[in-house]
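This report concerns only the one structure given below.
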Amino acid sequence: MKNIMFIAPPAAGKGTQAEIIVNKYKIPHISTGDILRKISKEDTEIGNYIYETMASGGLVKDEITYKLIEERLSQDDCKNGFIIDGFPRNYEQAIKYDEILEKLKLDLGYVFVLDVSEKVLEKRITGRRICEDCNAVYNINEDDKKPRIDAICDICGGKLYQRKDDNIDSFQTRYQTYLEKISKIIDHYENRNVIYHIDGNQKILDISRQIDEILNKDGK
Ligand code: AMP
C-alpha cells in the first residue's frame with residue numbers, strides 16, 4: 001500500500017511529482033488546494049468564503065478542511081494507496097490527520113519533503129500559468145515549460161490563466177506560513193521513520209527517480 005504525503009512550499013513541484021506517481025501507481029491524488037479551488041467556484045456562502053481566503057493566501061477553516069479530507073479518504077479508491085497533498089499544513093492538522101487515519105484504519109505511509117530555495121520558488125510562482133480547460137501547467141519563466149504560443153495551451157488550445165494567489169505578496173504570506181508551521185510537523189513525524197527529504201531544486205525526472213527508489217526499496 002502506498003500512502004504518500006508531500007510536504008513542500010508553494011510551487012515546489014509537488015503537483016508535477018504527484019501526477020507522475022498517480023500515472024505510475026494508479027492511486028488517487030488528493031489535493032486540498034484542488035478540492036477547495038473547485039468549491040470556491042460555486043456561488044454559495046462557503047464558496048465565496050473559500051474564494052476570498054484562498055485569494056489572500058490564508059488558510060481555510062479547519063472544520064471545513066477536516067470534513068473534506070475525511071470524506072475523501074473514506075472512498076474506496078483510497079484503499080490501495082493515495083497521495084495527500086496540501087494537508088496537513090500545521091501541527092494541529094497533523095494531529096487531526098493521525099486521528100482521521102486511525103478512524104479509517106489507514107497507514108501514514110511515506111512523507112516526502114521537497115526542499116527548494118526561496119529564489120527558485122519565486123521564479124516558478126510568478127511564471128506559473130494553467131490551462132483553464134485541461135489544467136496543464138506551464139511556466140513562462142522557464143524555457144522548457146513555456147507554451148509554444150503565448151497564453152495558449154499546447155495540448156488543447158485553451159486559454160492560460162494565472163492563479164489568483166500566484167503573485168509575490170500572496171507567495172510571501174504562503175511561504176512564511178509554510179516555514180513557520182512546517183518544522184513542527186516534521187518534528188512530529190521524524191521519530192516515526194517516515195520522512196524522506198528530497199532536493200526539489202533538481203530536474204523533474206531526477207526527483208521522481210529518487211522518489212521511485214524509496215517507494216520500491218521495501219516493497220511496502
Ligand atoms: P495549494 O494549492 O496547496 O497551494 O493551496 C491553495 C490554498 O488553498 C491555500 O493557500 C489555502 O488557502 C487553501 N488550503 C489548501 N490546503 C489547506 C489546508 N490543509 N488547510 C487550510 N487551507 C488550505
Side-chain angles (χ1 to χ4, degrees), residues 3-19 21-22 28-42 44-73 78 82-101 108 111-116 118 120-132 135-139 161-186 188-189 200:
N3 299 350
I4 296 166
M5 179 190 291
F6 273 110
I7 296 184
K14 63 182 156 66
T16 306
Q17 291 304 325
E19 199 184 318
I21 294 175
V22 163
H29 177 200
I30 300 168
S31 151
T32 44
D34 286 351
I35 297 174
L36 291 167
R37 243 184 307 283
K38 200 164 161 209
I39 304 174
S40 77
K41 290 183 183 148
E42 296 166 7
T44 57
E45 196 179 328
I46 183 170
N48 293 334
Y49 158 74
I50 293 174
Y51 180 85
E52 294 298 330
T53 309
M54 289 178 85
S56 72
L59 287 186
V60 170
K61 277 188 230 157
D62 283 343
E63 68 211 61
I64 297 176
T65 319
Y66 293 165
K67 189 161 166 273
L68 292 171
I69 287 286
E70 186 170 335
E71 274 172 14
R72 184 62 190 89
L73 289 177
C78 294
F82 55 86
I83 302 174
I84 186 103
D85 163 4
F87 185 88
R89 265 179 153 82
N90 55 39
Y91 180 69
E92 291 71 29
Q93 290 192 354
I95 299 288
K96 184 68 188 184
Y97 188 54
D98 287 343
E99 283 173 33
I100 294 174
L101 289 177
L108 175 61
V111 178
F112 291 113
V113 182
L114 286 182
D115 298 310
V116 186
E118 187 174 350
V120 171
L121 293 174
E122 255 185 39
K123 203 170 145 203
R124 285 189 192 164
I125 222 131
T126 51
R128 180 157 62 183
R129 298 291 183 275
I130 302 166
C131 174
E132 61 182 22
N135 288 326
V137 181
Y138 298 86
N139 201 302
Y161 75 97
Q162 183 169 24
R163 255 170 64 172
K164 184 111 176 119
D165 55 353
D166 277 352
N167 58 67
I168 285 285
D169 286 349
S170 185
F171 166 71
Q172 276 305 332
T173 311
R174 287 153 73 204
Y175 187 62
Q176 291 313 322
T177 310
Y178 171 80
L179 290 182
E180 267 166 45
K181 309 287 181 192
I182 221 60
S183 60
K184 220 171 157 197
I185 299 184
I186 294 177
H188 177 66
Y189 293 134

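Just follow the structure's listing: the first ligand is 1, and inside any ligand the first atom is 1.
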Which ligand 1 atoms are under 4.0 Å away from a heavy-atom of [X]?
X: Arg174; result: 4 (O)
X: Gly58; result: 10 (O), 11 (C), 12 (O)
X: Lys14; result: 3 (O)
X: Thr65; result: 18 (C), 19 (N), 20 (N), 21 (C)
X: Gly33; result: 2 (O), 5 (O), 15 (C)
X: Thr32; result: 15 (C), 16 (N), 17 (C), 19 (N)

Side chains of residues 47-61: which donor-acceptor pairs under 3.5 Å do they make with residues two or more places apart or in other chains?
unit_1, atom_1, unit_2, atom_2, d
Asn48, ND2, Asp43, OD1, 3.4
Asn48, ND2, Thr44, O, 3.2
Tyr49, OH, Lys61, N, 2.9
Thr53, OG1, Tyr49, O, 2.7
Ser56, OG, Thr53, O, 2.9
Ser56, OG, Gly58, N, 3.3

Pick one of side chain, backbone, both or neither for how [X] approaches ligand 1, counting any non-hydrogen atom pair under 4.0 Å.
X: Val60; value: both
X: Lys96; value: neither
X: Leu36; value: side chain
X: Arg163; value: side chain

Relative to the ring of Tyr66, is the ring of Phe87 parallel (under 30°), tilted (30 to 60°) or perpendicular (over 60°)?
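Rings of Phe87 and Tyr66: perpendicular, as their planes differ by over 60°.
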What's the separation between atom [atom1] in [X] and atom [atom2] in [Y], rounded to the nearest 0.5 Å?
X: Ile83; Y: Met5; atom1: CD1; atom2: CE; value: 12.0 Å
X: Ile21; Y: Thr16; atom1: CD1; atom2: OG1; value: 11.0 Å
X: Lys96; Y: Glu63; atom1: NZ; atom2: CD; value: 11.0 Å

So for atom CD, which belongs to Gln162, do other residues, nucleotides or ligands contribute more than 12 heavy atoms lying within a distance under 6.0 Å?
yes
Which is closest to atom 18 (C) of ligand 1 in terms of heavy atoms, Pro88, Ser170, Gly86?
Gly86
If you have a sec, work out which protein heavy atom is nearest [atom] and how many Å separate them, to one decimal?
atom: atom 8 (O) of ligand 1; answer: Met54 CE, 3.3 Å
atom: atom 2 (O) of ligand 1; answer: Arg37 NH2, 3.0 Å
atom: atom 20 (N) of ligand 1; answer: Gln93 NE2, 3.0 Å

Is Lys184 close enough and on-axis enough to Tyr91, meaning under 6.0 Å and within 45°, for cation-pi?
yes
Checking the N or O distance criterion of under 3.5 Å, is ligand 1 in contact with [X]?
X: Asp85; value: no
X: Ser31; value: no
X: Asp165; value: no
X: Arg89; value: yes

Apply side chain to side chain contact (heavy atoms under 4.5 Å, CB included) to the pair Gln172 and Glu118, showing each step before the final yes or no.
CA-CA 10 Å; Gln172 276 305 332; Glu118 187 174 350; 3.1 Å; yes
Pick out which of Val22, Ile4, Leu73 makes a side-chain contact (heavy atoms from CB on, under 4.5 Å) with Phe82.
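Passing option: Leu73.
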Going by salt bridge (Lys or Arg N to Asp or Glu O under 4.0 Å), Asp166 matches just one of Arg124, Arg129, Arg174. Which one?
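By the salt bridge (Lys or Arg N to Asp or Glu O under 4.0 Å) criterion, Asp166 pairs with just one of Arg124, Arg129, Arg174: Arg174.
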Side chain to side chain contact (heavy atoms under 4.5 Å, CB included), that's the test. Do Ile84 and Ile69 meet it? Break it down for me.
CA-CA 9 Å; Ile84 186 103; Ile69 287 286; 3.5 Å; yes
Residues Ile95, His188; criterion side chain to side chain contact (heavy atoms under 4.5 Å, CB included); working and verdict:
CA-CA 9 Å; Ile95 299 288; His188 177 66; 3.7 Å; yes
Under a heavy-atom criterion of less than 4.0 Å, does Lys61 contact ligand 1?
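Lys61 does not count as a contact of ligand 1 under the 4.0 Å cut-off.
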